[in-house]
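Every chain is numbered from 1 and lettered A, B, ... according to where its sequence line falls, protein lines coming before strand lines.
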Protein chains: 2
Amino acid sequence: MDNVEGGNRPYHHGDLRHALLQAAEEELKEKGIEGFTLRGCAKRAGVSHAAPAHHFRDADALLTALAAVAYARLTAAMAARSAKAKEDAADQLVAIGLGYIDFATAEPALFKLMFSSDKPDFSDPVLGEAATAAYKALVEAVCAAKGSDDEDAAAPDIAAAWAMVHGIAELVNSGQLRMFSAMGPGKRQEVYRTLLRRVLPHPGRGVSQPLQ
Amino acid sequence: MDNVEGGNRPYHHGDLRHALLQAAEEELKEKGIEGFTLRGCAKRAGVSHAAPAHHFRDADALLTALAAVAYARLTAAMAARSAKAKEDAADQLVAIGLGYIDFATAEPALFKLMFSSDKPDFSDPVLGEAATAAYKALVEAVCAAKGSDDEDAAAPDIAAAWAMVHGIAELVNSGQLRMFSAMGPGKRQEVYRTLLRRVLPHPGRGVSQPLQ
DNA sequence: AAGATAAACTTTCCATCGTAAAGATTGCAT
DNA sequence: ATGCAATCTTTACGATGGAAAGTTTATCTT
């Protein structure tokens, strides 16, 4: 046995499941999703490479559990922005979008795991509920801004808002929108706001129309 | 040797480089980017697993070359829509966006390789030029719609247009916008158009403002 | 035409990965 | 105290990417 930490680690870890989730997050951030290995997680947690199997069926199951945690944080990031914003429905929707972008740029590895990877299994009920909660936060903000409870009628507005924030997040994270990295943080936030205001639903109408 | 095709294959393939690119595209479409293997490509091309090394430094280099081909197709898809649209600058920009979505939904595996993977090396000059060509098509359409040649001034409009089409493409491809799969193709195209018109630049002004 | 050189391809080999199977250790219920 | 189940380790296997060395073919030189 190669007990790295000095020798007196007990045979039973105690909270390996949780330790593995933390290790997986580190591994993901350092190696990226394409360099992620289950053995690396085990080593970080100080256990043998086969130990994770007793807590997660396979590597994808570990990443599925991690994705569920990440969705909760996404929801929290949106709620944090929402709490700081004015109560006005439009401001609230913009805040939700900014929270989405906050999370995506603060946790690019997790964001990629959640949205640009086949690893997480969305049929898993825990992940499914976490993802649905995040989605609902967005939907409710759109409906409020639109002044309607009809989710179907709001569908194009939901799509517009989500596509815009998601597109910004993806492009910024992959470094393709270099204009943003060139600006200071304040200016960047201001541009984000302006972009998000562009996809606000226009109360009363169905799908909002452009000016001209 | 296990010559699958019957026995009289010559020792030298003749055009293995090209055959590997085709094989890689098939492999990518069938297995997905996370199931992609270099050995699988070699088998498809009917050569030993070490043969690709003589044409591509490693697996990433093969995918980089494939990504360059894919960018050319993306540019072509945008050009095809552009050619069919009216000459009006706004219609042209919408067409570019629809072409982008056309490509993304027709070739989800390639699209993922290009935008949601660390595999391709964008410092490769061939890929770099192909990607730049696609980007320029977008930039020029935005500038034309804005009625300005100042690319810096148009930056937020470029970001808005690109983020919207990219967001739609990503969310549709990952099956997260189920409302779209529910509609017929005609209705879907119409909604795409409506969404894209929402991010058109407004000539003269800097960043366009919402209605209210 | 003949031999040398380079290119294309195969074979063999190695480290790493995920995961299955079996053995060792410990906690817990009875 | 004893037995069982959970937790963890060790061992083993097939697959993968890539390095190294050997084989075959093409091309170039003379």
Side-chain angles (χ1 to χ4, degrees), chain A residues 1-24 26-28 30-66 113 117-121, chain B residues 1-24 26-28 30-66 113 117-121:
Chain A
M1 139 187 354
D2 46 343
N3 191 333
V4 179
E5 288 95 47
N8 57 349
R9 177 173 54 85
Y11 193 91
H12 288 308
H13 181 286
D15 194 10
L16 183 53
R17 192 192 148 85
H18 184 252
L20 283 171
L21 281 170
Q22 265 188 241
E26 288 174 29
E27 175 91 356
L28 205 61
E30 286 183 27
K31 307 278 186 64
I33 190 147
E34 313 194 339
F36 177 94
T37 71
L38 190 56
R39 284 166 116 105
C41 295
K43 182 170 280 182
R44 280 171 203 272
V47 294
S48 80
H49 70 266
H54 294 273
H55 299 272
F56 301 97
R57 199 166 42 72
D58 54 20
D60 285 7
L62 171 54
L63 288 172
T64 297
L66 182 58
L113 168 68
S117 164
D118 293 336
K119 308 276 189 190
D121 174 13
Chain B
M1 117 168 36
D2 47 345
N3 191 335
V4 179
E5 288 96 47
N8 57 349
R9 175 173 56 85
Y11 193 91
H12 287 310
H13 181 286
D15 193 11
L16 183 53
R17 192 192 148 86
H18 184 252
L20 283 171
L21 280 170
Q22 266 189 238
E26 288 174 29
E27 176 91 354
L28 205 61
E30 286 182 26
K31 308 278 185 66
I33 190 149
E34 312 194 340
F36 178 94
T37 70
L38 190 56
R39 284 165 115 106
C41 295
K43 181 170 281 182
R44 282 172 201 271
V47 294
S48 80
H49 71 266
H54 294 272
H55 298 272
F56 301 97
R57 199 166 43 74
D58 54 20
D60 285 8
L62 172 54
L63 288 173
T64 296
L66 181 58
L113 169 67
S117 164
D118 293 336
K119 309 276 191 190
D121 173 13

Return the CG to NZ distance between L28(A) and K119(A), rounded to the nearest 0.5 Å.
10.5 Å
OG1 (T37(B)) and NE2 (H49(B)) are apart, to the nearest 0.5 Å, by 11.5 Å
In whole Å, what is the span from the [atom1] atom of [X] to the [atom2] atom of [N]?
X	N	atom1	atom2	answer
E27(B)	dT16(D)	CD	C1'	12 Å
K43(B)	dT16(D)	NZ	P	8 Å
L16(A)	dC8(D)	CG	P	5 Å
H18(A)	dT7(D)	NE2	P	17 Å
H54(B)	dT10(C)	NE2	C1'	8 Å
K119(B)	dG17(D)	NZ	C1'	10 Å
L20(A)	dC8(D)	CG	C1'	12 Å
D15(B)	dT25(D)	CG	P	19 Å

Going by heavy atoms in the side chains, are C41(B) and L62(B) under 4.5 Å from each other?
yes
Across the strands shown, which category fits [X] at heavy-atom distances under 4.0 angstrom: base, sugar-phosphate, nothing?
X	result
A51(B)	base
G14(B)	sugar-phosphate
T37(B)	sugar-phosphate

Take K43(A) and R39(A), measure what side chain to side chain contact (heavy atoms under 4.5 Å, CB included) needs, and give me the verdict at the end.
CA-CA 6 Å; K43(A) 182 170 280 182; R39(A) 284 166 116 105; over 6 Å; no
Quantify the bending of the helix from dA1(C)-dT30(D) to dT30(C)-dA1(D) as the angle between its end axes, each fitted on five pairs, to 10°.
0°
Nucleotide of dG18(D), dT10(C), dA20(C) approaching A50(B) most closely (side-chain heavy atoms):
dT10(C)
Quick check against the 3.5 Å criterion: does E27(A) have a side-chain atom that pairs as donor or acceptor with the backbone of L38(A)?
no
Hey, is the main chain of R44(A) close enough, under 3.5 Å, to the side chain of E26(A) for a donor-acceptor pair?
no
Most 5' of V47(A) and R39(A) on DNA chain D, judged by nearest nucleotide
V47(A)
Assess whether one donor atom and one acceptor atom, taken from the side chain of R17(A) and the base of dT7(D), lie less than 3.5 Å apart.
no
Classify the side chain of H49(B) and the base of dG18(D) as holding, or not holding, a donor-acceptor pair under 3.5 Å.
yes
Passing candidate, side chain to side chain contact (heavy atoms under 4.5 Å, CB included) with P120(B), options L66(B), L113(B), D60(B):
L113(B)
